[in-house]
Structure formats: C-alpha cells, structure tokens
K.L.:
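Can you read through this structure? Questions will come right after.
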Amino acid sequence: MSGNPDVSESRLTPNLADFVVVGDVGSGKTALTLALLESSEPVMKTQAAVFHPSQVVDTPGEFTSRPAYYGALLSTIVDISTVVYLQPADSRAFSLPPGLLHVYPDKRVIGVVSKIDLPDADTEAACRVLADHNISPPYFLTSTATGEGISALRSFLISLQTPNASIGAGEECAECASAGENEF
Ligand SMILES: Nc1nc2c(ncn2[C@@H]2O[C@H](COP(=O)(O)OP(=O)(O)OP(=O)(O)O)[C@@H](O)[C@H]2O)c(=O)[nH]1
Ligand SMILES: [Mg+2]
C-alpha cells in the first residue's frame with residue numbers, strides 16, 4: 001500500500017471522501033479517481049492500493065480479477081463506506097464472484113459505466129451487467145477522455161458526505177442511467 005503525496009488535501013474538492021474504486025484491470029479506475037480529484041497526475045498502472053487524502057482509495061484491478069487478492073480487497077474496503085464499482089462500457093464481463101461486493105452489508109455500492117466514449121461502447125449492456133450482479137441504480141456513465149459524467153458522479157459522492165444537502169436531480173438524470181428502473 002502507498003500514499004500519494006502528489007494530491008494535496010487543499011486540492012481536494014471539499015467533502016469528496018470515504019470511497020474506494022474497484023473494478024477489472026484497465027477498467028479506468030485510476031483515470032476516474034484522478035479526474036474526480038482534479039489531479040493532473042499521469043495515469044499509470046496501479047500496483048497496490050493507493051490511499052489519497054480523505055479516505056479516497058484507488059485499487060489495482062488484480063484485487064477483483066484474481067482470487068488470491070480477494071482478501072486484500074476485503075481488508076482495503078473494510079473501513080470505507082462507499083464502493084465505486086467500474087464496469088467498462090465495452091465489456092460484459094463482471095470481474096468479481098457473485099456477492100463479494102456485498103460481504104459487508106452496510107456498504108453502499110455505486111455502479112459506474114466507464115469509457116463510454118469508446119466506439120464499441122454499449123452502455124445499456126453494461127448497465128444490465130451491473131443490475132444482474134445486484135448493484136442498484138442509479139448508474140453513472142463516465143468518460144475521462146471527454147469528461148462526461150465526472151461532475152455528476154463527483155456531486156453524488158459529495159452528497160453522500162452531506163446527507164441533508166439536496167443535489168440537482170435533473171442534472172444527475174442527464175448523466176446517469178439504469179437498466180430501466182432509474183429512481184430519479
Ligand atoms: N477512451 C478512454 N480510455 C480510458 C478511459 N478511462 C481510462 N482510459 C484508459 O484506459 C487505460 C487504463 O486506465 P486506468 O485508469 O489505468 O485503468 P485501471 O482500472 O486503473 O487499471 P489497473 O490499475 O491496471 O487496475 C489507460 O490507457 C487510460 O488512459 C475513458 O474514459 N475513455
Ligand atoms: Mg489503476
């Protein structure tokens with residue numbers, strides 16, 4: 001595990017905190033984490049869990065794709081309230097065995113469809129993969145290449161830190177989707 005001194009506390013958006021990003025190798029976790037943090041750091045292969053300030057954690061894809069790392073995944077997420085799971089828009093493979101994300105019943109799991117700018121993106125299929133694996137909508141559709149969906153996801157994550165604050169449902173609707181049962 002390692003800290004990241006390049007993302008200073010002062011550069012963080014206030015109240016963006018307490019979430020861990022998980023998903024397959026190459027699904028875009030690091031790119032998304034850095035975009036949410038508004039960091040200009042280069043996106044590089046993640047070798048171990050990276051703890052940014054305020055309990056924002058980026059994980060290596062091996063944590064979800066290799067059974068030998070499931071223990072590391074579970075110990076990394078144990079003290080964090082929200083799990084952000086990335087499903088690439090060009091993939092129908094779910095990178096975890098059923099139920100692993102729900103081992104801790106008190107955690108919120110947020111489904112994100114990443115890389116929606118790819119030419120072969122199929123966001124509806126990716127949303128169905130999330131729904132089929134018990135991740136509830138709303139789902140956030142994001143691209144770090146175009147910036148689409150990043151601010152909506154950031155606003156939603158911030159809203160989790162301020163339970164009484166209301167966020168613009170209309171703005172969220174425009175940038176998230178579900179497998180047919182969007183609750184907004
Ligand atoms: N087109 C496109 N490429 C993306 C997007 N997000 C990430 N990428 C690219 O996909 C590759 C993998 O991105 P990463 O953020 O390193 O993926 P990761 O999930 O952190 O991968 P690991 O650390 O190996 O688990 C990089 O070349 C990124 O530039 C996106 O939204 N659109
Ligand atoms: Mg990474």
Side-chain angles (χ1 to χ4, degrees), residues 1 12-24 27-37 46 49-61 63-65 69-89 94-114 116 123 126-142 144 149-184:
M1 298 188 195
L12 289 176
T13 307
N15 299 324
L16 188 59
D18 195 18
F19 66 89
V20 56
V21 184
V22 303
D24 209 352
S27 57
K29 300 175 298 294
T30 299
L32 181 65
T33 304
L34 295 175
L36 289 168
L37 295 173
T46 309
V50 176
F51 287 78
H52 296 286
S54 303
Q55 296 257 83
V56 173
V57 185
D58 180 19
T59 60
F63 274 23
T64 66
S65 61
Y69 287 93
Y70 292 167
L73 172 67
L74 293 175
S75 62
T76 300
I77 71 176
V78 64
D79 291 324
I80 300 189
S81 306
T82 299
V83 175
V84 176
Y85 179 82
L86 264 63
Q87 180 68 34
F94 191 75
S95 68
L96 278 171
L100 194 72
L101 281 183
H102 297 89
V103 162
Y104 303 113
D106 56 331
K107 288 199 196 307
R108 180 190 300 265
V109 180
I110 298 175
V112 169
V113 177
S114 60
I116 61 168
T123 54
C127 287
R128 275 198 300 278
V129 171
L130 293 171
D132 288 348
H133 292 85
N134 293 323
I135 297 177
S136 302
Y139 306 132
F140 290 81
L141 311 183
T142 65
T144 56
I150 305 295
S151 66
L153 177 59
R154 186 187 296 115
S155 298
F156 185 76
L157 290 167
I158 289 172
S159 78
L160 301 181
Q161 303 303 311
T162 53
N164 294 327
S166 64
I167 49 176
E171 181 189 347
E172 256 186 66
C173 263
E175 304 202 42
C176 66
S178 73
E181 46 182 324
N182 197 321
E183 63 195 30
F184 287 97

K.L.:
Calculate, to the nearest 0.5 Å, the distance between atoms OG1 and CZ belonging to Thr82 and Phe156 respectively.
P.N.:
8.0 Å
K.L.:
Short question: side chain of Ser65, backbone of Asp24 - any donor-acceptor pair under 3.5 Å?
P.N.:
no
K.L.:
Taking the side chain as C-beta and beyond, is there a heavy-atom pair between Ile150 and Leu36 under 4.5 Å?
P.N.:
yes
K.L.:
Could you tell me whether a side-chain N or O of Ser81 sits under 3.5 Å from a main-chain N or O of Asp18, the two making a donor and an acceptor?
P.N.:
no
K.L.:
Would you name the heavy atoms of Gln55 and Asp79 that are closest together and state the gap between them?
P.N.:
NE2-O, 3.6 Å
K.L.:
Examine distances only and state if a side-chain atom of Lys107 and a backbone atom of Ile77 form a donor-acceptor pair shorter than 3.5 Å.
P.N.:
yes
K.L.:
With heavy-atom distances below 4.5 Å as the criterion, would you say the side chains of Ser95 and Val22 are in contact?
P.N.:
no
K.L.:
Check whether any side-chain heavy atom of Leu74 sits under 4.5 Å from a side-chain heavy atom of Leu100, and report yes or no.
P.N.:
yes
K.L.:
In the structure I gave you, are the side-chain heavy atoms of Ile110 and Leu157 within less than 4.5 Å of one another anywhere?
P.N.:
yes
K.L.:
Which pair of non-hydrogen atoms, one from Ser114 and one from Ser27, has the smallest distance, and what is that distance?
P.N.:
OG-O, 2.7 Å
K.L.:
To the nearest 0.5 angstrom, please state how far the OG1 atom of Thr142 sits from the CZ atom of Arg154.
P.N.:
11.5 Å
K.L.:
As an exercise, state the distance from OH of Tyr139 to CG of Leu153, rounded to the nearest 0.5 Å.
P.N.:
14.5 Å
K.L.:
If you measure from CZ on Phe140 to CD1 on Ile116, what distance do you get to the nearest 0.5 Å?
P.N.:
12.5 Å
K.L.:
Parallel, tilted or perpendicular for His133 and Phe94, by the 30°/60° rule?
P.N.:
parallel
K.L.:
To the nearest 0.5 Å, what is the distance between CD1 (Ile135) and OH (Tyr85)?
P.N.:
6.5 Å
K.L.:
Any side-chain to backbone donor/acceptor pair from Gln161 onto Ala17? Under 3.5 Å, distance only.
P.N.:
yes
K.L.:
Would you name the heavy atoms of Thr76 and Ala49 that are closest together and state the gap between them?
P.N.:
CG2-CB, 4.2 Å
K.L.:
Crowded around Tyr70 OH? As in, over 12 foreign heavy atoms under 6.0 Å?
P.N.:
yes
K.L.:
Is a side-chain donor or acceptor of Lys29 paired with a backbone partner of Leu86 at a separation under 3.5 angstrom?
P.N.:
no
K.L.:
State, to 0.1 Å, how close Ala126 and Pro88 come at their nearest heavy-atom pair, and which atoms those are.
P.N.:
CB-O, 4.1 Å
K.L.:
What's the shortest heavy-atom distance between Ser75 and Ala72, and which atoms?
P.N.:
OG-O, 3.1 Å
K.L.:
Starting at NE2 of His102, measure out to CG of Leu96 and round the result to the nearest 0.5 Å.
P.N.:
10.0 Å
